[in-house]
J.: 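Submitted below is the structure of interest, expressed as C-alpha cells.
Here the structure is a predicted model, which is why all the values come from computation and not from measurement. In the text below, chain A, chain B and the rest are named by the order of the sequence lines, each starting its count at 1. Side chains are part of it too, since the values below use all heavy atoms of this structure and drop only hydrogens, waters and symmetry mates.
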There are 2 protein chains.
Amino acid sequence: MTAEAGSGGGAERAQAVSSAAGGVSGAPGGAARLPGGPSGVNLLGLRSHNAALVLDLLRRAGADGISRLELAERTGLTPQAVSKITARLRERGLAAEAGRRASTGGKPRTVLRLVPEAGHSVGVHVDRDEVRAVLVDLNGTVVGERLRPLDLETAAGAQAVVEAVAAQAEALVGQVLGADSARAASAATLVGVGVALPGPLDHRRGVLHRVTGFPQWDGFPLRDALVRRLGVPVVVDKDTNAAALGLALTAAEDGGGSFAYVHLGTGLGAGLVIGGTVHRGARTGAGEFGHQVIQLDGPPCGCGDRGCLEALCLAAVERGDVEEAARVLGVGAANLVGLLDIDRVLLGGRTVAGAPGVFAAGVGERVAARAAREGVPGEAVPVLAVPGGARTVAEGAAQLLLAPVFGRGEG
Amino acid sequence: MTAEAGSGGGAERAQAVSSAAGGVSGAPGGAARLPGGPSGVNLLGLRSHNAALVLDLLRRAGADGISRLELAERTGLTPQAVSKITARLRERGLAAEAGRRASTGGKPRTVLRLVPEAGHSVGVHVDRDEVRAVLVDLNGTVVGERLRPLDLETAAGAQAVVEAVAAQAEALVGQVLGADSARAASAATLVGVGVALPGPLDHRRGVLHRVTGFPQWDGFPLRDALVRRLGVPVVVDKDTNAAALGLALTAAEDGGGSFAYVHLGTGLGAGLVIGGTVHRGARTGAGEFGHQVIQLDGPPCGCGDRGCLEALCLAAVERGDVEEAARVLGVGAANLVGLLDIDRVLLGGRTVAGAPGVFAAGVGERVAARAAREGVPGEAVPVLAVPGGARTVAEGAAQLLLAPVFGRGEG
DNA sequence: GCACTTTGGCAACAGCGTTGCGAAAGTGGG
DNA sequence: CCCACTTTCGCAACGCTGTTGCCAAAGTGC
C-alpha cells in the first residue's frame, strides 16, 4: 500500500503531511507563536493555512471529490490560486485527480480527491479495562485495529501502561504498514500517535492529573514518556475530547459547526466543539460536565460537592429510572445550550447506547422547552444519540494528530 | 463603511482605521468569507491581520509605548517586517514615535505609541430608564458623554427609540468632533456607532428579539434602521456582551485571555470572552446565564422554568440575604468555570456594586472549593468585582466598533 | 577618541496570490 | 461534419508580502 522507509516518494509524502499545516506539535509555520498573545503570520504561515483549508475541503468532500472551481468558491481564493495550491498538494501525493463532472456547456470540471493513503495516524483508547488501538488513514477510515485487556487498577504503575500503549501502537503499525518500528513508519506516512484516556489531564503539556482512584498517575508526563519510547509525535487528551473531535471531523459537520458531545457511561463528561475545533480552556480542563451542580444542597457526590449532575444521573440509572436520568441530563444540556448557544447536542456512551431513543427524547424535550421559552420555537437545537460504536474514542484519538493537518488544531 | 467623498488628511486617516482590519461589518480583507466555513487568506488579509496585531499591541502598551523590537518579539515577525508595518501605520496617522528607552549598550530603542485621536467611536447604552452615549477614542478613553432619560415602557414604539439614539449620537459627535452630522464625521475619524441594550437579540443581523415585557420590539431591525438614519456603520449587541468586550480590551487583559463577566442588576446575565473575543454562539444568543437551572424543581421563574439562577439569586437579594445570593451565584459561576475552564470571573452590575466584597468572597469561595476538589489548589480561578461605573456598558458598546480594528472582531 | 553593541532603514530577494491571456475540452447549431 | 461558443485551467508577468544582507546612526564603556 505505502512505500517503506527509505524509498524516496514515501518519505517525501510523509514530510508533506506533517508540514502541510506547519507541523503537529511545534510552532505553526512561519512565525513563532508565543504564550500570551496571538502570533503574526508570514508567507509560510499563509501558505500552510490555505493548504490546510483546501485539504479540509477535500477531506469533507469524501469519495465524491470536489472541483477546483468549487474549492475557489468555498475558500474565497481565485481559481488560479487554487490551481497552484492543488498542484503542490498533488506533487506531494496528498491529492489526486479523480474523473470529471458532467459538462455544463464547456470544459468539464476536473474532480479532485484526497489520497487517504498519504498519511496515517494511530489512536489509542486507554479505558478502565482495555486498551484499544486503531490505525486510520487521512480520511479517518480505520485500516487496522488491536484490542487487549488491561486492568488499570492492577496495572503495575504508569510505566507498565506506557509500555502497553507503545507495544500496541508498534504492533499495529508493523502489521498494517509493514514497518518494524514506529520510528521507521514515521519516515513513511505515520503522522503520530494520539492517546485518549478518562479523567482530568493537561492536554498541552501531556501530563496526567489525579484520575479518580489512581493517585499514582497524578503528575505523570505521559506524552514525553511515549515520545521517548516511540520516537514519533504524541498527543494526549481526555476521552470525551477525543470523541468530540472525531465527531467534529466527520463529513456531516461543516467547518464552523459547534456542538457538545455528552458522554454517559461509568461517568459523565462532555467535549465541547466550538467553531470546528475542540474547546479545551485555559488549563485544558474544560468539559467538566459531570460536576455541574443542578440541585442546590442535593445528594452528596463522590467529588465532595452536592447535587452534581453525575451523581443525580447515575443514581437514576442505578434505580432503573432511565426517564428520570434523561430528564436530569436534559436540564444540564439545556443549561449548556443556553450558555453557549451551540448548534446541536450529541449523546453517547454505554448508558446512552442502552436506550438511545429514551435519552434523545428526554434530553431533547428539555432543550426544546428552553428554546420555546426564550427564542424562536422553530429553531430548537437538535439532540441526537450518536451510533457510538466501541471505537468512537479510539478513532477520535487518532484524529488528534490529523486535525492539525486540516487546520483544526489548537483552536 | 461609507467614507464620504471628501479630501484631506482626515478622510485618509478614517479610511486607514476602518481598513486596518479589513472593515467592520463586511468581508475581511482580501478573500470573501462565506457562510459554512472558514475562508482563505491572501496578501491583503495577511497585511490586515499583522497590522491589526501590531495595533493591538500598541493599544495595550498604552502611554508607556512599545519598541519595534518588542513588537517583533511579541508577534514572531522579523524586526524588519515590524519596521515596515509601523511605517505604514505612522503614514496613516495611527501610530507615532514617542521618545526612546534607556540604552542597554547600543542605540536606544525608539518607543512607538498609538495615536488615539486617529479614530473615534460612539457607544450607546439603552437602559430601561435612560440612554447614555459616550464618544471614545482609539484608546477607549471617553472624550464626550451625554445622558438623557428615556422610559422604555412608555416610549412610543421602536421608531421613537431609534430617533432618540440617533439624536444622542449625532449631538455627541457634533459637540465633540465639531461635525454637523454623523455622515460628515464619518469622513473624518468616526468609525461607527455601537448600541448595547438588554435582552435577547440577533447580533449578526442586528434584529431585536422579544425583550421581556416589550412585545413590540420583537423582530425590529434596529441596526438597519440606525444605519439608514445615521449613514455610518452600526453594531448592536446585548449589554452584557458589550460590557464583557470593554473589559476584554482593557490593558490589563492580554490578547488570549478568557473570562466570564457576570452581571447582576435588575436581571442576571453573562458575557463570555474566549481567546480575547466575545463568544456569541451560533445564533448570537450565548450568555443566557440567568436561566441556568441549579435547583431541580425549584421555585418557579418568570421564564416558565423552575429553579433558575436568576430567580433564586434575585429572591435572596429581595430578602436582603446577600450572602445567600452570593452563594447561589457562586454555584452558577463554579459550574461555568468547570465547563469552560476560563481564566477568571468578573462580577458587575448594580447589585454587585452594592456589596462588592460580599459577592467576590462568596462567589470566590465556591469557585475555589471546586478548584480544590478537582485540580491543583494553587491555581484557583480568581473572582473579582469590577469597579463597574455607570458607563461600563456604554464604553463597551463603543468598543464594538473598535475591536475589529485591533483584530478582535467576530472571534 | 576608539572599539563595541544595539537599533533600524535601504536594497535585493524569494515566494505568495492575482491578473492577463491562451490552450484544452467540452456543447450545440448549421 | 464543421464552427462558434462556453467553460476550465495552466503559463507568464505582476504587485506585494515578509525576509535577508548590509550599513548608517546612536548610544555605552574603556
Side-chain angles (χ1 to χ4, degrees), chain A residues 19-20 22 27-32 39-54 65-91 95-112, chain B residues 19-20 22 27-32 39-54 65-91 95-112:
Chain A
S19 72
S39 126
V41 179
N42 58 14
L43 292 167
L44 268 80
L46 184 138
R47 175 167 68 171
S48 295
H49 173 88
N50 287 342
L53 206 63
V54 169
I66 185 170
S67 69
R68 289 180 179 81
L69 265 87
E70 210 173 335
L71 287 170
E73 285 168 19
R74 299 277 282 270
T75 58
L77 299 172
T78 61
Q80 189 58 32
V82 171
S83 275
K84 281 193 178 179
I85 292 167
T86 54
R88 284 196 296 265
L89 294 178
R90 285 195 300 155
E91 204 173 323
E97 297 193 342
R100 19 187 73 175
R101 291 223 193 290
S103 165
T104 59
K107 178 176 176 179
R109 301 184 172 184
T110 312
V111 174
L112 299 171
Chain B
S19 73
S39 129
V41 179
N42 57 16
L43 290 166
L44 268 80
L46 184 139
R47 175 166 68 171
S48 295
H49 173 88
N50 287 343
L53 206 63
V54 169
I66 185 170
S67 70
R68 288 181 180 80
L69 266 85
E70 209 172 336
L71 287 170
E73 285 168 20
R74 299 277 281 269
T75 58
L77 299 172
T78 60
Q80 187 59 30
V82 171
S83 274
K84 281 191 179 180
I85 292 167
T86 54
R88 284 197 296 264
L89 294 178
R90 285 196 300 157
E91 203 173 321
E97 296 193 343
R100 17 184 77 176
R101 292 222 192 290
S103 167
T104 59
K107 178 175 176 178
R109 301 184 172 184
T110 311
V111 173
L112 299 171

J.: I want to verify a distance call: between D:dC16, C:dG17, D:dT19, whose nearest atom is closest to the A:K84 side chain?
T.: C:dG17
J.: Whole angstroms only, please: what is the CZ-P distance between A:R109 and D:dT6?
T.: 16 Å
J.: Round to a whole Å and report the spacing from CG of A:L112 to P of D:dT8.
T.: 13 Å
J.: Rounded to the nearest angstrom, tell me the gap between atom CG in A:L44 and atom P in C:dC16.
T.: 7 Å
J.: OP1 or OP2 of D:dC9 sitting under 4.0 Å from any side-chain N/O of A:S83?
T.: no
J.: Can you find a heavy atom in the side chain of B:L77 that is under 4.5 Å from one in the side chain of B:L53?
T.: no
J.: Please compare B:L69 and A:T78 by the position of their nearest nucleotide in DNA chain C and report the one closer to 5'.
T.: B:L69
J.: Measure CD/A:E97 against C1'/C:dA25 and give the value in whole Å, please.
T.: 13 Å
J.: Where each residue is assigned the nucleotide of DNA chain D containing its nearest heavy atom, which of A:R90 and B:N50 is assigned the position nearer the 5′ end?
T.: A:R90
J.: Between atom CZ in A:R68 and atom P in D:dC11, what is the gap in whole Å?
T.: 11 Å
J.: Testing the basics here: between A:R68 and A:S83, what is the closest heavy-atom pair and its distance to 0.1 Å?
T.: CD-OG, 3.6 Å
J.: Can you tell me which nucleotide in D:dG10, D:dG18, C:dG17 comes closest to the side chain of B:A81?
T.: D:dG18
J.: Step by step, work out the side chain to side chain contact (heavy atoms under 4.5 Å, CB included) result for B:H49 and B:V41.
T.: CA-CA 10 Å; B:H49 173 88; B:V41 179; over 6 Å; no
J.: Just to be sure I understand the rule, does B:P79 reach a base, reach only the sugar-phosphate, or reach nothing, if contact means heavy atoms closer than 4.0 Å?
T.: nothing
J.: Any N or O donor-acceptor pair linking the side chain of A:K107 to the base of C:dT27 at under 3.5 Å?
T.: no
J.: Given C:dT18, D:dA26, C:dG17, which nucleotide is nearest the side-chain atoms of A:I85?
T.: C:dG17
J.: To the nearest Å, give me how far apart CG (A:L53) and C1' (C:dG17) are.
T.: 14 Å
J.: Once you round it to whole Å, what is the distance between C1' of D:dT17 and CG of B:L46?
T.: 7 Å
J.: Is A:R88 near enough to C:dG17 that one of its side-chain N or O atoms lies under 4.0 angstrom from OP1 or OP2?
T.: yes
J.: Quick one: are B:L112 and B:L71 in side-chain contact, heavy atoms under 4.5 Å?
T.: yes
J.: Which is true for B:R101 with a 4.0 Å heavy-atom rule: it touches a base, it touches only sugar-phosphate, or it touches nothing?
T.: nothing
J.: Answer whether the closest heavy-atom distance between the side chains of A:L43 and B:L43 falls below 4.5 Å.
T.: yes
J.: Within this structure, what is the CG-to-P distance between B:L43 and D:dG18, rounded to whole angstrom?
T.: 8 Å
J.: Mark yes or no for a side-chain to base donor-acceptor pair under 3.5 Å between B:Q80 and C:dC10, with no hydrogen or angle criteria applied.
T.: yes
J.: Going from CD1 on A:I85 to CD on A:Q80, what distance comes out if it is rounded to the nearest 0.5 angstrom?
T.: 10.5 Å
J.: Side-chain N or O of A:N42 versus OP1/OP2 of D:dT17: is the shortest distance under 4.0 Å?
T.: no
J.: Should A:R100 be listed as having a side-chain N or O under 4.0 Å from OP1 or OP2 of C:dA25?
T.: no
J.: Reckon A:T110 touches a base, only the sugar-phosphate, or nothing at all at heavy-atom distances under 4.0 Å?
T.: sugar-phosphate
